[in-house]
Asker: 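So that we are looking at the same thing, I have put the structure below in structure tokens.
Side chains included, hydrogens not; waters and symmetry mates left out as well; all remaining heavy atoms used. Quick caveat: nothing in here was measured; it's all calculated off a predicted structure. Below, chain A is the first sequence line, B the second, and so on; all start at residue 1.
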2 protein chains.
Amino acid sequence: MNPTNVIEIGELRRSCASCSLQQLCLPASIEADELDRLDRAVRARRPLRRGEHLYHQGDVARSLFVSRDGAFKTVTVDPEGESQIIGLHLPGELIGLDGMGSGRHLCAAEALQTATVCELPMSQLETLLPQLPGLQRQLLRVMGRSRDQDQSHVELLGRRQADDRMLLFLHGLRERYLLLGHDADQITLPMSREDMASYLGVVLETVSRSLGRLQDEGLIDVRGRQLHILDARRLAQRVQGEPPRQVGS
Amino acid sequence: MNPTNVIEIGELRRSCASCSLQQLCLPASIEADELDRLDRAVRARRPLRRGEHLYHQGDVARSLFVSRDGAFKTVTVDPEGESQIIGLHLPGELIGLDGMGSGRHLCAAEALQTATVCELPMSQLETLLPQLPGLQRQLLRVMGRSRDQDQSHVELLGRRQADDRMLLFLHGLRERYLLLGHDADQITLPMSREDMASYLGVVLETVSRSLGRLQDEGLIDVRGRQLHILDARRLAQRVQGEPPRQVGS
DNA sequence: CGTGGCCTTGAAACTTTTCAAAAATTGTGG
DNA sequence: CCACAATTTTTGAAAAGTTTCAAGGCCACG
């Protein structure tokens, strides 16, 4: 057992009570004694490296997950054989709800960066739920927020112009990073252009060009995955339908 | 009190136990004694006419609903001021989950035809859930299926060709009607072309042309809202990526 | 310093949208 | 029950936007 492992296991044993994501995650608004029971049900997990899967499409759904750090994408392979990015999950956001309908996961969940996750086995959940009314309420709320997230994605995909979709995407990303307490105007994009393209329902060249246009407009500054939001105020206005300002040649 | 009202109230008092949607709805796989308690919590509601709302965007979310007959659409007005159809709810499908995240409805729910609905107040739900483990499991499953529905919508909107989206839409509709025990190859479309357009993320002219192309191909026959699926087998193949067969000029 | 992966850019082909008008359907009142 | 008005749907042609295909640039890594 090398020192690195010791540190990692130490990390893993941090409890819900001391987790920085507490307010966003299942423990929020749960009583102290209940929290302790939830805490014991949550399993430790070794960190995942970028590209590793939490579960695969078709797997029996055994657990719900929350990432403490590191983002995940959820991906389906559709009947045509093409894969599509269905979801982007930042730390504190529930992962695995795609298995609750049928008992099997409709997506695969893949780490976009090195990530440490908490795991709550379904079996434990079923035991705990009737006993912890606080958890009950909170689970419904958290599932509801996850659904709201999906609705935003539908609203994004409903826009017919690539720039509108990108605007909505960046604005939503900004809000989510804000919630996490990050510097939301200076983001390292969690996905490749190709992943973004899939999430936005366009091809990757269109993503590149759209980012280029928004940069020419002075809204953002992108260099690879480094994104600076230069004018958050106007970004919000653009999302609300304001037309692009004339850009000098 | 006229005879019509008497009949309506009689209808409203049908219990979950005798409802034809039982297997699809919350009561599924709930024990008889539990079912009785759920039954008492479910409120009667006067029938809604086409165009009437179950709730409006921004309303405090007080209840979950299920339509016994009559379909509903859920609509958001986005920041740009344009309305978008987010969901289509056939009988037996849960309506109102868009309020669970924030406590307020993110959408409006509007009847597409005359509809009778069951209403389960959130307050009752909170009381019942810890007491009825069967309901607990079933609610999670039904919410999961609703989420799966939304995922299908995202997958549909992720397709970049209008015909692909239409194919996915028709195929999904067919499967849902099958589940309801309807003749799924002879459907009265529940929405106008404009609503379909919004749901599919295209303009209504595109819907019209896409339906025209699928008709020329011999897949379907559409006259206004009457839709005949002429070749369900090939519809399924097309959804799975089979290219359109050559259509004689 | 070269290699491979990722991203950007350009030009042509294709699809969808937009705008306009005709056709079909629905609802209504005589 | 028919005819008319209003609404919805279809169709056409031009404009706009996206995809496709191809090539070149950038960056990280060995």
Asker: When the distance from CG of B:L200 to C1' of C:dT16 is rounded to whole Å, what number comes out?
Answerer: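 Atom-to-atom, B:L200 to C:dT16, this comes out as 14 Å.
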Asker: In whole angstroms, how far is the P atom of C:dT17 from the CZ atom of B:R165?
Answerer: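 Whole-Å distance recorded here is 8 Å.
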Asker: Could you please name the option among C:dT16, D:dT19, D:dT9 that lies closest to any side-chain atom of B:A162?
Answerer: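 The listed nucleotide nearest to B:A162's side chain is C:dT16.
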Asker: Among C:dT16, D:dA22, C:dT17, which nucleotide has an atom closest to any side-chain atom of A:E205?
Answerer: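 Among C:dT16, D:dA22, C:dT17, the one nearest the side chain of A:E205 is D:dA22.
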Asker: Which is more 5' along DNA chain C, the nucleotide nearest A:V222 or the one nearest B:G224? Just name the residue.
Answerer: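 This one resolves to A:V222.
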Asker: Mind calculating the distance between CG (B:D216) and P (D:dT11) to the nearest angstrom?
Answerer: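 Rounded to whole Å, this separation is 8 Å.
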Asker: Let's see if you can work this out: which of C:dT17, C:dC7, D:dT10 has an atom nearest to the side-chain heavy atoms of B:R193?
Answerer: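 Of the options given, the side chain of B:R193 lies nearest D:dT10.
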Asker: Assess, by modelled atom type and distance only, whether the side chains of B:Q149 and B:R145 contain a donor and an acceptor separated by less than 3.5 Å.
Answerer: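 The answer is no; no qualifying pair exists.
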Asker: Whether the side chain of B:Q161 and the base of C:dC14 hold a donor-acceptor pair under 3.5 Å is what I'd like checked.
Answerer: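 No pair found.
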Asker: Please check if the number of heavy atoms outside B:R213 that lie under 6.0 Å from its CZ is greater than 12.
Answerer: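 Counting neighbours around CZ of B:R213, more than 12 heavy atoms of other residues, nucleotides or ligands fall under 6.0 Å, so yes.
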Asker: Rounded to whole Å, how long is the line connecting atom CG of A:L189 with atom P of C:dC6?
Answerer: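 Rounded to the whole Å, the gap is 15 Å.
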Asker: Measure from CG on A:L211 to C1' on C:dT8 and round the result to the nearest Å.
Answerer: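 For the pair A:L211 CG and C:dT8 C1', the rounded distance is 11 Å.
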Asker: Classify the ring geometry between A:F169 and A:Y199 as parallel (under 30°), tilted (30 to 60°) or perpendicular (over 60°).
Answerer: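 A:F169 and A:Y199: tilted rings.
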Asker: By nearest atom, which of the nucleotides D:dT20, C:dT16, C:dT18 is closest to the A:R209 side chain?
Answerer: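 Nearest listed nucleotide: D:dT20.
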Asker: Can you tell me how far P of D:dG17 sits from CE of A:M166, to the nearest Å?
Answerer: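 Nearest whole value for this atom pair: 16 Å.
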Asker: So A:S192, base contact, sugar-phosphate only, or nothing? Heavy-atom distance under 4.0 Å.
Answerer: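 Sugar-phosphate contact only.
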Asker: In terms of side-chain heavy atoms of B:R225, which of C:dC19, D:dT9, D:dT20 is nearest?
Answerer: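 In terms of side-chain proximity for B:R225, the closest of C:dC19, D:dT9, D:dT20 is D:dT9.
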Asker: Nearest-Å distance, CD (B:Q215) to P (D:dT9)?
Answerer: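 Result: 15 Å.
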Asker: Does B:T206 place a side-chain N or O at less than 4.0 Å from the phosphate oxygens OP1/OP2 of C:dT17?
Answerer: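 Yes, within the criterion.
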Asker: Would you classify A:V207 as touching base, sugar-phosphate or nothing, given that sugar-phosphate means primed atoms plus P, OP1 and OP2, and contacts are heavy atoms under 4.0 Å?
Answerer: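 Since no nucleic acid heavy atom lies under 4.0 Å of A:V207, the category is nothing.
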Asker: Kindly say if A:R160 contacts the phosphate of D:dG17, meaning a side-chain N or O under 4.0 Å from OP1 or OP2.
Answerer: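 Answer no for this pair, as no side-chain N or O of A:R160 is under 4.0 Å from OP1 or OP2.
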Asker: Could you check how far CG of A:L204 sits from C1' of C:dT9, rounded to whole Å?
Answerer: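 Interatomic distance, CG of A:L204 to C1' of C:dT9: 12 Å.
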Asker: Under 6.0 Å between ring centres: does that hold for A:Y177 and A:H182?
Answerer: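 Yes, they do, as the ring centres are separated by less than 6.0 Å.
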Asker: Determine whether more than 12 heavy atoms belonging to other residues, nucleotides or ligands lie under 6.0 Å from atom CD of A:Q240.
Answerer: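 Yes, enclosed.
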